[in-house]
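Working notes, structure below.
Below, chain A is the first sequence line, B the second, and so on; all start at residue 1. All values below come from the heavy atoms of this structure, side chains included, with hydrogens, waters and symmetry mates left out.
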Amino acid sequence: MRVLFVCSGGMSSAIVVQALKKEAQKQGLDLEVMAVGTSEVETELKKGWDLVLVAPQVKHRLESIQKIADRFSVPCDSIPPQAYTPLGGALLLKTVNERMKDK
Amino acid sequence: MNGFVSFLEKNLSGPMARLSEQRHLRAIRDGVISALPFIIVGSFFLILAFPPIPKETFVAQWANQHVNEILIPYRLTMFIMSLYIAFGIGYNLSKSYDLDPLSGGQVAVASLLLTIVPKVVEEEFVLPMTNLGGHGLFVTMLVSILSVEVMRFCKEKNVTIKMPEQVPSSVSRSFEALIPVALVIALMSVVTVVLNIDLHHVVDQVASPLVKAGDSLFGVLIPVFLITFFWSFGIHGVSVVGTVARPVWEVYLAKNAEAVADGSSQIPYIAPETFYQWFIWIGGSGATLGMVLAMFLFSKSKYLKTLSKTCIVPGVFNINEPIVFGAPIVLNPLLIIPFVITPLITATLSYIATAVGLVTPTYIMPPWTLPAPIGAYLATGGDWRAIVLVLINILISFFIYLPFLKMYDRNMIEMEKEGEGDTEIA
């Protein structure tokens, strides 16, 4: 499963990505996650991702990112603020799993 | 409280954040940001030309003798930043309209160039560079948008030359751009050549009150407040406020750099973006490095202790989303108070310190992820007093956050005793 994280510059989500990876490892899941800035979403989506998650601080851009994701028919949602911390791995993984189920 | 917060979010911060997503504002934002690498790298040649070492040393003397040569890379990057920004705005705006972004960038560059009249010097054509720099940024925004809008108009009204399908797409694209390019060039030529209007001069008249206001103490405190206000709702404040303010901040930076490059001892502006970055947003928006330190040293709840450990290193590099969403500060009245107050105080102090000449105004743009003392030292062209100011600001932040943190910490301990806090850590 490949999940793309989007925040303003790709910096802060890189930290959260680490938390998610650790949690996934704990549960023995195969998860590929990458963090990018909002301007790189389009280029990145061409490479094929299963899910786009938008960081809470750029949720006002969710709509425009959603539009791009729709074009590639990739599901897209925002990350709940409580999950967007280095300690939020478990909640984050739950979010990812739920979104993938919806698909 | 919750009702009030959701009222603010629904009626104020939400709509304002969405406004910053307006197409043209977004194109300007992304266009300016696309030029930052050139501004960052170009500005560093100012340090090479004016190294922060004693004047008697051999290196300083050598640099002094070769100032003009050392500054050539700066002159062709940061000094003419508007040229790069024009392409960036044209590219991004046309992309948002699904027009050919390459043509959009090029037509924006052409229209910017057409606001300037070449001079003949010693029988050679020479392009005056000043208006391609920070000075021309407002005109750049204007004409870049205008020229892409002309492109869009032509496309919508089908005023283009259509090629048969057998023609390769790259060829047909260049023909498609023909009419809009002709229109833009004709229009700009009429303004600059036929009517003999200096757009830069006109826009200067309009923009100068704004440029002046943005460098006042009040003009600093408003964006500072707005940025933490947005973050209090979990919205990336700099990215929203910067959409409107960054062009002005970049003008200040460019003019400061120009003054230094010209050997002037007077650096004109206090508040370029670098001022906010290095003196106020230490550890990230809200000046949270002091907070993370206070949390690390004094918090007793398991949750805050663990969180502070994971947040110190990112905080040193000015990344604070982990703490903003982790503590959380977002929608947490107790922590929002120091989060809003601290930067207003450190901003006022830093503003005064710069205004009375205790600290050199910033004119170099180091990458924002450097630790603040290093960044501030570089941004001021190597002024050690900038480091002192940064350390004082960290202390101020530490002590303002401390009492609020202690209160919050007590609440957390209570919660952990009740066994609710554990689930969050797991």
Side-chain angles (χ1 to χ4, degrees), chain A residues 5-24 26-27 35-43 45-46 53-68 70-72 78-95, chain B residues 13-23 26 29-30 33-34 36 88 92 95-96 98 230-231 233-240 242-243 284-285 302-304 306-311 313-315 317-332 368-369 423-426:
Chain A
F5 270 46
V6 185
C7 71
S8 181
M11 298 276 188
S12 69
S13 41
I15 294 167
V16 183
V17 160
Q18 289 308 323
L20 178 61
K21 275 187 184 159
K22 228 186 256 169
E23 190 63 31
K26 240 195 264 171
Q27 305 197 10
V36 295
T38 44
S39 55
E40 301 154 72
V41 176
E42 197 169 349
T43 337
L45 275 178
K46 285 178 191 150
L53 285 180
V54 180
Q57 74 273 27
V58 287
K59 66 166 183 258
H60 55 285
R61 285 188 206 153
L62 181 63
E63 220 171 289
S64 64
I65 296 170
Q66 179 104 50
K67 260 185 217 152
I68 301 171
D70 283 351
R71 246 191 291 143
F72 294 89
S78 61
I79 302 168
Q82 314 87 282
Y84 199 70
T85 87
L87 309 180
L91 182 55
L92 206 50
L93 189 61
K94 211 174 112 205
T95 314
Chain B
S13 70
M16 276 166 85
R18 272 194 295 279
L19 182 70
S20 77
E21 287 305 286
Q22 194 273 342
R23 186 189 299 271
R26 213 171 58 199
R29 178 191 73 208
D30 293 342
I33 288 177
S34 72
L36 286 185
N92 283 302
K95 200 170 157 196
S96 81
D98 258 329
F230 279 115
W231 268 118
F233 297 96
I235 298 169
H236 197 300
V238 176
S239 128
V240 173
T243 301
S285 298
K302 236 191 292 171
Y303 180 73
L304 292 184
T306 322
L307 184 71
S308 67
K309 275 185 210 154
T310 60
C311 291
V313 176
F317 298 100
N318 305 311
I319 296 166
N320 71 344
E321 281 88 344
I323 197 88
V324 170
F325 291 106
I329 295 170
V330 173
L331 301 182
N332 179 352
W368 64 267
T369 44
T423 48
E424 276 185 68
I425 299 177

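Note that the OG1 atom of T38(A) and the CZ atom of R29(B) stand 6.0 Å from one another [nearest 0.5 Å]. For the atom pair Y303(B) OH and T85(A) OG1, the distance stands at 4.5 Å (nearest 0.5 Å). How far CZ of F233(B) is from NZ of K59(A): 9.5 Å, rounded to the nearest 0.5 Å. Atom OG of residue S239(B) and atom CD of residue Q57(A) lie 9.0 Å apart, to the nearest 0.5 angstrom.
With a 4.5 angstrom heavy-atom cutoff, T369(B) touches chain A only via side-chain atoms. With a 4.5 angstrom heavy-atom cutoff, R23(B) does not touch chain A via any of its atoms. Contacts between V240(B) and chain A at a heavy-atom distance below 4.5 Å involve the side chain alone, from C-beta outward.
In this structure, the side chains of C7(A) and H236(B) stay at 4.5 Å or more apart for every pair of heavy atoms. At a threshold of 4.5 Å between non-hydrogen side-chain atoms, the residues E321(B) and S8(A) do not count as touching. Between K95(B) and E42(A) there is a side-chain heavy-atom pair separated by less than 4.5 Å. Residues L307(B) and P86(A) have side chains in contact (heavy-atom distance under 4.5 Å, counting atoms from C-beta outward).
The choice from S39(A), G89(A), A55(A), P81(A) that makes the most heavy-atom pairs within less than 4.5 Å of chain B is P81(A).
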